[in-house]
Amino acid sequence: KRALRSVRAKRACALHRLSPTCAPNVLDTMLLRNSGKVEERRETGSDAPALPQRFLWCYCYHHCPEDSTNNTCRTDGYCFTMVEEEGGAAVVTSGCLGLVGSEFQCRFLQRVCCQTDEDVFLICYVVGDIHHIALLISVTVCSFILTFIIIFCYFRYKRHELVPRYNLGLHPDETLIPPGESLRDLIEQSQSSGSGSGLPLLVQRTIAKQIQMVTQIGKGRYGEVWMGRWRGEKVAVKVFFTTEEASWFRETEIYQTVLMRHENILGFIAADIKGTGSWTQLYLITDYHENGSLYDYLKCTTLDSRAMLRLAYSSVSGLCHLHTEIFGTQGKPAISHRDLKSKNILVKRNGACCIADLGLAVKFISDTNEVDIPLNTRVGTKRFMAPEVLDETLNRNHFQSYIMADMYSFGLILWEIGRRCVSGGIVEDYHLPYHDHVPNDPSYEDMREVVCIKRIRPSFPNRWSSDECLRQLGKLMTECWAHNPASRLTALRVKKTLAKMSESQDIKV
């Protein structure tokens, strides 16, 4: 033991650069320890053995107390040597460290202390400031988390790879629609399901991805209409401009309404969104009809009484279904079109009409007595606007006001249809309402002056007075476009009147 302590003392002297009289100093230290024991016994006044108190003489540099002499200090704890890095160079400092709190002080200063001799001194090495330590810990934690995520995703992927696939022989888009299904079959299935609100959304997306654009058949301010093909069947594809996304969302929402399916409302098939560079194609896929809109149909076709009543009755039937609220567990709200005109009514091959373009439609929520108005900057067609819309007196919080505005527009549509009916071998050329009073693209001021101030309405040809069917039709449209909204007929009343006219002439509508 004495030899080992002698070796340790020599090592301490070498590291601390003590004076050549280091060996006697070690003996003095040992004596001090012994004297400490005696003195402590005397002070306590007890014969019980007391813990020895040690004192060390340490070399100090940059950390010397005031009472130090010749760069040496005395302590009851440890001698320490601290290596710090400043500007890329190592700086060594030494001094005395008290026994009480020595371990805490070293850890608090973010240094790692190594006790080279349990009885002599500590050496502390600086490992970096707190920011570098925090960065090191953060990088380590993030690396572990990233590794865990990668491993988790890998095993999840492998687990999905092991799941058997049952549709390996089918095209991805055909998994939701059987190969033999036609559009008519899909629509009939949606009607028989009880909701009458169209196809499921997943089926819609599948159909929309399979559409092949063929030719453009129309273009307006808000979009384009294309003829397309789906599995060899003709469809109409309505493409909205990017600025008209609100109209697309609104029309899709209305078509998805429960019990919305009706033979005189355009058959909705599917809707999808597809981005193509600078603008977005928003697909609204509907039944395609070769005859096009009522506007185009009347321009190139003359009518007899049977065809005229069929067009009028089928149009008002679709409008009546829109306006009617159906109560039930899954009922249908009352809906107002708000942009009714001959260009928004399509003609089927059998001569019946169906109402289209519901991008401005409003719904009436009877449970809360509120009118659901779309957030849309688009406005209706000025030529077909009711007087209360033109002079801005329409009560927007009263749903019946929108219904009566639709009836005014429908009266003008009846006038367009009646002019193309042959009686006595005479028929008028097709013209839009107010063609002889306003320009082709009238302004609000033009229409307000004619409709609201002068209260002018389209005139009837003289021949109508000699034809009973046209005379009754003229009376009907006059009651539809009355200046006072409360005096106008409802869609149900017009539908019943047209049905009686057809029965009186033995015409099946």
Side-chain angles (χ1 to χ4, degrees), residues 196-197 222 244 246-262 264-266 268 284 294 312 314-327 331-346 353-414 447 451 477 479-495:
S197 60
Y222 308 112
E244 298 303 319
S247 296
W248 180 87
F249 279 109
R250 185 60 174 185
E251 190 161 359
T252 304
E253 178 189 1
I254 293 293
Y255 273 123
Q256 293 294 338
T257 302
V258 175
L259 300 179
M260 188 63 186
R261 184 76 68 181
H262 190 272
N264 298 121
I265 295 177
L266 188 60
F268 172 79
L284 184 62
L294 180 61
S314 57
S315 298
V316 78
S317 295
L319 185 61
C320 185
H321 182 73
L322 276 179
H323 288 180
T324 303
E325 180 178 6
I326 302 176
F327 296 93
K332 169 195 161 295
I335 299 172
S336 170
H337 192 284
R338 290 181 70 209
D339 192 19
L340 203 61
K341 58 183 178 180
S342 54
K343 290 184 178 181
N344 288 339
I345 297 178
L346 301 184
C353 290
C354 58
I355 296 176
D357 196 352
L358 301 176
L360 285 178
V362 298
K363 295 189 296 184
F364 177 65
I365 306 174
S366 58
D367 294 340
T368 58
N369 198 29
E370 294 179 354
V371 180
D372 181 14
I373 304 176
L375 298 175
N376 196 345
T377 57
R378 175 181 162 188
V379 296
T381 306
K382 294 183 283 292
R383 188 183 295 271
F384 288 83
M385 283 183 177
E388 60 271 21
V389 179
L390 291 170
D391 61 14
E392 299 181 351
T393 59
L394 183 138
N395 185 358
R396 294 182 174 273
N397 297 321
H398 190 215
F399 182 73
Q400 194 65 20
S401 301
Y402 296 98
I403 295 292
M404 291 297 101
D406 280 351
M407 294 312 300
Y408 169 88
S409 303
F410 186 74
L412 299 180
I413 294 172
L414 289 179
M447 295 306 304
V451 176
M477 65 183 71
E479 295 183 68
C480 286
W481 64 41
H483 189 81
N484 184 8
S487 303
R488 297 171 195 161
L489 299 178
T490 63
L492 181 60
R493 181 70 264 168
V494 174
K495 180 180 178 181

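If you read the sequence from its start, that first residue is 1, and numbering goes on from there. These numbers come from the heavy atoms of this one structure, side chains and all, not from hydrogens, waters or symmetry mates. A quick note: this is a predicted structure, and the numbers were derived from the prediction, not measured.
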* To do: Would you please test L394 and M404 for side-chain contact (heavy atoms from CB on, under 4.5 Å) and show each step?
  => CA-CA 10 Å; L394 183 138; M404 291 297 101; over 6 Å; no
Taking all atoms of both residues into account, what is the closest heavy-atom pair of [X] and [Y], and its distance?
{"X": "A405", "Y": "V389", "value": "CB-CG2, 4.3 Å"}
{"X": "H321", "Y": "I326", "value": "CE1-CD1, 4.1 Å"}
{"X": "A491", "Y": "V316", "value": "O-CG2, 3.5 Å"}

* Asked: Can you list the steps and then say if K363 with I254 is a side-chain contact (heavy atoms from CB on, under 4.5 Å)?
  -> CA-CA 8 Å; K363 295 189 296 184; I254 293 293; 3.6 Å; yes
* S409 side chain to F384 main-chain N or O, any donor-acceptor pair under 3.5 Å? ->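 Yes; judged by distance alone, with no hydrogens or angles, the pair exists.
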* Counting only N and O atoms by type, is there a donor-acceptor contact under 3.5 Å from the side chain of K332 to the main-chain atoms of T324? ->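 Present.
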* Asked: Only one of I403, N369, D372, I335 forms a side chain to side chain contact (heavy atoms under 4.5 Å, CB included) with F364, so which one is it?
  ->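 When side chain to side chain contact (heavy atoms under 4.5 Å, CB included) is applied between F364 and each of I403, N369, D372, I335, only N369 qualifies.
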Test item: [X] and [Y] side chains (from C-beta on) under 4.5 Å apart, heavy atoms:
{"X": "K495", "Y": "L319", "answer": "no"}
{"X": "M260", "Y": "L322", "answer": "yes"}
{"X": "Q400", "Y": "N395", "answer": "no"}
{"X": "H337", "Y": "Y402", "answer": "no"}
{"X": "L266", "Y": "E251", "answer": "no"}
{"X": "I373", "Y": "R338", "answer": "yes"}
{"X": "S315", "Y": "I413", "answer": "no"}
{"X": "K343", "Y": "T381", "answer": "no"}

* To do: Could you go through the salt bridge (charged side-chain N to carboxylate O under 4.0 Å, His left out) check for E479 and R493 one step at a time?
  => CA-CA 11 Å; E479 295 183 68; R493 181 70 264 168; over 6 Å; no
I need the [X] [atom1] to [Y] [atom2] distance, nearest 0.5 Å.
{"X": "L492", "Y": "S317", "atom1": "CG", "atom2": "OG", "value": "10.0 Å"}
{"X": "L358", "Y": "S247", "atom1": "CG", "atom2": "OG", "value": "11.0 Å"}
{"X": "H323", "Y": "F410", "atom1": "NE2", "atom2": "CZ", "value": "10.0 Å"}
{"X": "E325", "Y": "I365", "atom1": "CD", "atom2": "CD1", "value": "10.5 Å"}
{"X": "N264", "Y": "L346", "atom1": "CG", "atom2": "CG", "value": "11.5 Å"}
{"X": "H262", "Y": "C320", "atom1": "NE2", "atom2": "SG", "value": "8.0 Å"}

* To do: For the pair D406 and R488, evaluate salt bridge (charged side-chain N to carboxylate O under 4.0 Å, His left out) and give the outcome as yes or no after the intermediate values.
  => CA-CA 10 Å; D406 280 351; R488 297 171 195 161; over 6 Å; no
* Taking atom types as modelled, is there a side-chain donor on E388 or S401 under 3.5 Å from an acceptor on the other? ->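 No - no donor-acceptor pair under 3.5 Å links their side chains.
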